[in-house]
Amino acid sequence: MLPPAAAAAIRATAGSPRAVRRVHARLLKEGLADLLPAPALLVSAYARSCLLPDARRAFDDAPRRDLYLYSALLAAVSRSSAPELALPLLRRMLSDDALRPDHFVLASLASAAARLRSLRLGRQLHAHFVASPYSADDVVKSSLIDMYCKCGVPEDARKVFDSIGVKNGVVWTALVSGYASNGCTGEAIDLFRSMPERGLFAWTALISGFVKAGNNTGAVGLFVEMRRDGVRIDDAFVLATVVGGAAELAALVLGRQLHGFAITLGFLSSMIVGNALVDMYSKCSDIHSAREVFGGIIVRDVVSWTTILVGEAQHGRVEEVLALYDRMLLAGMKPNEVTFVGLIYACSHAGLVQKGRQLFDSMKREYGIKPGLQHYTCYLDLLSRSGYLSEAEELITTMPYEPDEASWGALLSACKKHNDTQMCLRVADNLLELRPKDPSTYILLSNVYAVNCKWDSVAKVRKIMAEMEIRKEPGYSWIEAGRESRMFHAGEVPLDIGEEITRFLEELVSEMRKRGYVPDTSSVMHDLEENEKEQHLFLHSERLAVAFGILKSPPGSVIRVVKNLRVCGDCHTVMKFISEIAQRKIIVRDASRFHHFEDGNCSCSEFW
DNA sequence: TATTGGGAGA
């Protein structure tokens, strides 16, 4: 038996990699490392220090594999970034060591199934659990509740919930969060209100569920209510969550208020709040404040670095992105798969083919990260945008993933841009076969076929659109004016100030024409006369919003607009003209990136 | 000896 003092020493290492290694070395030297329960304790200690490879090694070095050892490693694996590794471990446990899973093992496996979103595995575990001697265990039940919610079937979670006699806080919050994140707002609120005690944990679960379901306005409202209720904010999770909601809403005024609030509560140096604020400022087009907050985070992790890096990338600041990456490596930080999405994306939007190629290679070679479909799509975009069309086509057919709508779409826009007619038609046919979901893809396809006079294909595209009842999602844009935000819909002139806006836009257009503006109506899908098409463009929502902004804000201030779709080519041109004529900096966040318009130019260098 | 719920990046 391991002396109690030695067991206590292992437990006391609490998340410090150096301490675990030191204690492990001492145990080896004193010949205690194999005494039970040292192996299981070491596995857990390594796992708590985020040293999964070391935990695995400790597992492999153990003289005997028992349930304790398995449950320690399974708990670590199911919490890790690769929960799928729990499955081979389970098979090994069942066949090589002939061990039956107990409630500890079942709880961890259910949590792995939740993270893998594997309803099949989850249901199998549930069946096994019900037939096992542990079928009354509430910890496994809370894990199953979470699994059903994460797999999108909160009604099944409810059945497990109802089977629990005395419910603790974990059980309640698991289901509240599950209802909310699946968009079952009413159920979430009802359950929340019927909780015997509503602590910070429950509020955080509810609010984060709202944010996950995209109900950001609701989340902010709940946060206000929580404050009114006088709930003490002991930890920073809820702030990070609600700041994330403000980021999605692009609500800069609200975001600034939350920032001030974080300072008041003393969470300014908190990493998770800092990370959320960096993302919020970046999504609210205020990249300067994002940089400032990033500079103030004392202990930065890979998420902090990746957040600011992706922010700079979306704002088109390639030099900053590459400089940040160097600083990140110098600081000893290991980039992950998200970091590489940001890096390759930045290179793609700046046409840095060699640099992007080098990064794509180093991801696998130096960091052992297997490129995902998203990486291939970014890389494909980089090659094809920069004119390496045949290499891109070769890549799309040889890459280890089935190309999706985004991959073919990227290739199609590129060969359209580079006027490779034959390839355009080949790619378009492939894309059409996928029966894309995104209406803008059909617009692109229809344009490509129309330009090449493939009228039968144009007809086919239109027929599919009609069949699938695909209509282009209506465009809308919003802009913050004072404390509230104002929304503009394409083609709809607001009653109160519409006249003022249209008059102003007309003035702008006539000045633009003097400077050489010719409307580009190729993005208008409808069968209309040319002047009617121009009228359509004239009322695109971002123009209404920008005109409103210029009219209603102090001269010289920055105009920030958010749009739900991508800006069309013509609006992009118009924004450049307006920034020059009105002498205003205009920042538009569209569905894919940011455009900073200033003195007739855009930060995206025509890459979007 | 171990197990469950809320958090930040695409």
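Heavy-atom basis, side chains included; hydrogens, waters and symmetry copies ignored. In the text below, chain A, chain B and the rest are named by the order of the sequence lines, each starting its count at 1. On a predicted model such as this, the values are computed, not experimentally measured, just so you know.
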Problem set entry | Of residues 300-309 of chain A, the positions that come close to DNA chain B - non-hydrogen atoms, cut-off under 4.0 Å | A/Asp301, A/Val303, A/Thr306, A/Thr307
Exercise. Under 6.0 Å from the six-membered ring centre of A/Phe161 and within 45° of its axis: does the NZ or CZ of A/Lys167 meet both?
Worked result: yes
For this session: Please tell me if the side chains of A/Leu359 and A/Cys347 come closer than 4.5 Å, counting only heavy atoms from C-beta onward.
Result: yes
Exercise. Between which nucleotides of DNA chain B, read 5' to 3', does contact with chain A run, using atoms under 4.0 Å from its heavy atoms?
Worked result: B/dT1 to B/dA10
For this session: Give every residue pair that meets the ring pair (Phe, Tyr, Trp, His ring centres under 6.0 Å) criterion with at least one member in residues 266-291 of chain A, sequence neighbours excluded.
Result: A/His259-A/Tyr281
Donor-acceptor contacts under 3.5 Å from residues 36-47 of chain A side chains, at least two apart:
| residue | atom | partner | partner atom | Å |
| --- | --- | --- | --- | --- |
| A/Ser44 | OG | A/Ala40 | O | 3.2 |
| A/Tyr46 | OH | A/His24 | ND1 | 2.7 |

Problem set entry | DNA chain B contacts made by residues 234-246 of chain A, counting heavy atoms under 4.0 Å | A/Asp235, A/Phe237, A/Thr241
For this session: Determine whether A/Phe340 and A/Glu337 make a side-chain contact, defined as any pair of heavy atoms from C-beta on separated by less than 4.5 Å.
Result: no
For this session: Give A/Gly209 one of three labels, base, sugar-phosphate or nothing, depending on what nucleic acid heavy atoms sit under 4.0 Å from its own.
Result: nothing
For this session: Answer yes or no for A/Arg65 and A/Tyr70: cation-pi contact, defined as NZ/CZ to six-membered ring centre under 6.0 Å and angle to ring axis within 45°.
Result: no
Seminar exercise, completed: For A/His315, the ring pair (Phe, Tyr, Trp, His ring centres under 6.0 Å) test, sequence neighbours excluded, returns A/Phe594, A/His596
For this session: Using ring pair (Phe, Tyr, Trp, His ring centres under 6.0 Å) as the criterion, list what pairs up with A/Phe360, not counting sequence neighbours.
Result: A/Tyr376, A/Tyr379
For this session: Classify the nucleic acid contact of A/Asn168 as base, sugar-phosphate or nothing, counting any heavy atom under 4.0 Å across all strands shown.
Result: nothing
Exercise. What pairs of residues pass the side chain to side chain donor-acceptor pair (under 3.5 Å) test when at least one of them lies in residues 208-227 of chain A, not counting sequence neighbours?
Worked result: A/Arg193-A/Glu225
Exercise. Do A/Ser282 and A/Asp279 have side-chain atoms, one donor and one acceptor, less than 3.5 Å apart?
Worked result: no
Mind listing the side-chain donor-acceptor pairs of residues 1-13 of chain A below 3.5 Å, one per line with the distance, residues two or more places apart or on another chain?
| residue | atom | partner | partner atom | Å |
| --- | --- | --- | --- | --- |
| A/Thr13 | OG1 | A/Ile10 | O | 2.6 |

Exercise. If you look at every strand shown and take non-hydrogen atoms under 4.0 Å, does A/Lys150 touch a base, only sugar-phosphate, or nothing?
Worked result: sugar-phosphate
Exercise. With sequence neighbours left out, which residue pairs that include part of residues 124-138 of chain A fulfil the side chain to side chain donor-acceptor pair (under 3.5 Å) condition?
Worked result: A/His126-A/Tyr148
Exercise. Which is true for A/Ala72 with a 4.0 Å heavy-atom rule: it touches a base, it touches only sugar-phosphate, or it touches nothing?
Worked result: nothing
Exercise. Looking at residues at least two apart in the chain, or sitting in another chain, which of them share a ring pair (Phe, Tyr, Trp, His ring centres under 6.0 Å) with A/Trp408?
Worked result: none
Seminar exercise, completed: Note: contacts of residues 332-347 of chain A with DNA chain B (heavy atom, under 4.0 Å) are A/Asn336, A/Val338
